[in-house]
Amino acid sequence: MTLTRLVLFSGWGIDARIWQPLIACLHARLAHVTETDEQADKQAADEAKSRPLEIIAPDWPEEGLQSVSRAGSEPTASQASLGGADTLWLGWSLGALRAEALAKKQAPAALVSLAMGPSFVDQAATEQTIPALAPEVLDTFLAAFARNPTASWQHFLRWQASGEASARDCLRQLRELIGRHPVSREAVLETGLAELASRRMSLAPQSELPLEFWLGKQDPLLAPGLSAALRAQGQVVAEFEGGHCLPLSATEALADALLTRMGLATHVTHISEEA
C-alpha cells in the first residue's frame, strides 16, 4: 500500500527544525524519481505526480505536555488529526515514545521508532526483557539539569552527537539548526525528562499498529544488545551507520528507507548509486 503522508515527531529539547535536511532530501529524491519515470514510462510518471508526498513536522504543544505531567493523559498534537490509513509516523528519540502513545488515538498506518527502543531506561516495575539504559544514567542527568538547565541541555546535544563519525560536525549542524539555547521552557523540558523515565511502548503481539525500530549502530543513548533483543522478539529492526542523530548523520539513507517503506520510490537503489 502506498502511503502519501509523513508525520515527523522530534525529540527532547529539539523542535521541528531538526527535520529540515531530511525534508529537503525527500523532496529532491521524489523529484528525481519522477524525472526517471518520465524518461522510462510516461504512465509511471503520471502515477508519481498523482501521489505527492505531504510532510508534517509538528512541535508538541506546551499545554499538551503539561497536561501529561498533571493528569497522566496522553499528549495531543496541534492538528485535529495526524493519523489515517495513508500516513506513516516517524518518531525520533522521545518523539517515538510520545508518538506510540498518541497513535492509539489517531491510528496512523504505521510507526517507525527512530533511535529509540521500547523504553529509554530500565523500568524496575515491569518485567523488562529488552535492554535499556540504567536508571542511574538519567538520574545523574536530572540532577545536573536541576542545577543548570541550559548547560545540561547543551551537554545533551554533545551526548547525542558523540556517536557520529564526526561528532564535531554533527554538533555544529545541530547548533546551526536549533541554536545554542533551548526553545522550550524549563517546565516543559522537565516534563520531557519525566516521560523519558516513565514512558514505555506496548509491544503486544497482536497490535494493530505496525511498528518498526530504525536504530543507529553507534548510538550512545541505546543500550548494547537492543537490536538483537528486538529481533529475537520478532520486531522489525533496521540499522543505519550513525549514532543518535540519524536525521543529520544518515539523511540520505533515511530518506531512501522512508520512500521505500511508503511505496513512493521504485528507483531508490538506482538513485542512491547516482547520488
Side-chain angles (χ1 to χ4, degrees), residues 2-11 14 16-37 48 53-57 87-96 99 108-117 157 159-174 176-178 210-222 224 226-228 230-231 235-275:
T2 299
L3 306 178
T4 57
R5 187 162 66 151
L6 174 65
V7 182
L8 304 167
F9 296 102
S10 55
I14 296 180
R17 289 175 292 179
I18 189 67
W19 299 115
Q20 290 175 6
L22 177 62
I23 292 172
C25 189
L26 285 166
H27 287 314
R29 288 291 201 261
L30 281 175
H32 196 161
V33 169
T34 302
E35 178 184 347
T36 305
D37 283 347
L53 175 60
E54 177 187 7
I55 303 175
I56 303 171
T87 303
L88 175 70
W89 284 8
L90 179 74
W92 175 56
S93 197
L94 174 59
L111 168 65
V112 172
S113 176
L114 182 66
M116 177 59 74
L157 296 190
W159 187 14
Q160 289 188 101
S162 66
E164 307 303 341
S166 178
R168 180 176 296 181
D169 288 344
C170 181
L171 181 60
R172 174 187 51 77
Q173 191 176 5
L174 261 177
E176 287 176 352
L177 283 171
I178 65 174
L211 175 62
E212 299 180 17
F213 294 90
W214 294 6
L215 309 175
K217 294 180 181 179
Q218 293 82 36
D219 192 335
L221 274 67
L222 297 180
L226 174 62
S227 295
L230 286 168
R231 289 192 177 103
Q235 302 297 325
V236 177
V237 179
E239 293 187 283
F240 294 79
E241 289 297 335
H244 194 73
C245 295
L246 294 177
L248 304 183
S249 63
T251 308
E252 293 186 356
L254 191 56
D256 289 344
L258 283 168
L259 292 175
T260 299
R261 177 63 180 81
M262 299 178 77
L264 287 171
T266 57
H267 304 290
V268 167
T269 301
H270 180 60
I271 293 169
S272 298
E273 293 171 351
E274 289 184 349

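We number each residue from 1, following the sequence as shown.
- Here the closest non-hydrogen pair linking Pro220 and Ser162 is CG-OG, 3.4 Å.
- You'll find the side chain of Trp19 stays beyond 4.5 Å of the side chain of Ile55, heavy atoms only.
- The shortest non-hydrogen separation linking Ala255 to Cys25 is CB-SG, 3.7 Å.
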Test side-chain contact (heavy atoms from CB on, under 4.5 Å) applied to Leu90 and Leu258, step by step: CA-CA 9 Å; Leu90 179 74; Leu258 283 168; 4.1 Å; yes
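- The structure places CG of Asp219 at 9.5 Å from OG of Ser227, a figure rounded to the nearest 0.5 Å.
- A salt bridge links Arg231 with Glu239: the distance from a Lys NZ or Arg NE/NH1/NH2 to an Asp or Glu carboxylate oxygen falls below 4.0 Å.
- Judged by distance alone, the side chain of Thr251 and the main-chain N or O of Leu248 form a donor-acceptor pair under 3.5 Å.
- You'll find the ring centres of Trp92 and Phe9 outside the 6.0 Å limit.
- Among all heavy-atom pairs drawn from Ser10 and Ile18, the shortest one is CB-CG2, 4.0 Å.
- The side-chain heavy atoms of Met262 and Leu6, taken from C-beta on, include a pair separated by under 4.5 Å.
- Tested against Ile14, the residues Leu177, Leu174, Leu94 include a single side-chain contact (heavy atoms from CB on, under 4.5 Å) partner, Leu174.
- Annotation: the span from Gln218 atom CD to Ser249 atom OG amounts to 9.0 Å, rounded to 0.5 Å.
- Residues Asp256 and Arg29 have side chains in contact (heavy-atom distance under 4.5 Å, counting atoms from C-beta outward).
- Closest heavy-atom contact between Gly91 and Leu111: N-CD1, 4.2 Å.
- Residues Thr87 and Thr4 have side chains not in contact (no heavy-atom distance under 4.5 Å, counting atoms from C-beta outward).
- Between Leu53 and Arg5 the shortest side-chain heavy-atom distance does not fall below 4.5 Å.
- Summarising the geometry, atom CG belonging to Leu226 is positioned 5.5 Å from atom CG belonging to Leu215; distances are rounded to the nearest 0.5 Å.
- Considering all non-hydrogen atoms of both residues, Gly11 and Ser93 come closest at CA-CB, 4.3 Å.
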Derivation and outcome, side-chain contact (heavy atoms from CB on, under 4.5 Å), residues Gln20 and Leu22: CA-CA 6 Å; Gln20 290 175 6; Leu22 177 62; over 6 Å; no
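- Of the residues listed (Val236, Leu246, Leu114), the one engaging Trp214 in a side-chain contact (heavy atoms from CB on, under 4.5 Å) is Leu114, and it is the only one.
- Counting only distance, with no hydrogens or angles, the side chain of Glu212 and the backbone of Val237 share no donor-acceptor pair below 3.5 Å.
- Looking only at distances, a side-chain donor or acceptor of Glu164 sits under 3.5 Å from a matching main-chain atom of His244.
- Counting heavy atoms from C-beta outward, Pro21 and Gln173 have side chains that approach closer than 4.5 Å.
- Leu221 has its side chain within reach of Trp159: a pair of non-hydrogen atoms, C-beta onward, lies under 4.5 Å apart.
- Considering only heavy atoms from C-beta on, Leu264 stays 4.5 Å or farther from Leu3 through its side chain.
- Considering every non-hydrogen atom in both Ala99 and Trp89, the closest pair reads O-CZ3, 3.3 Å.
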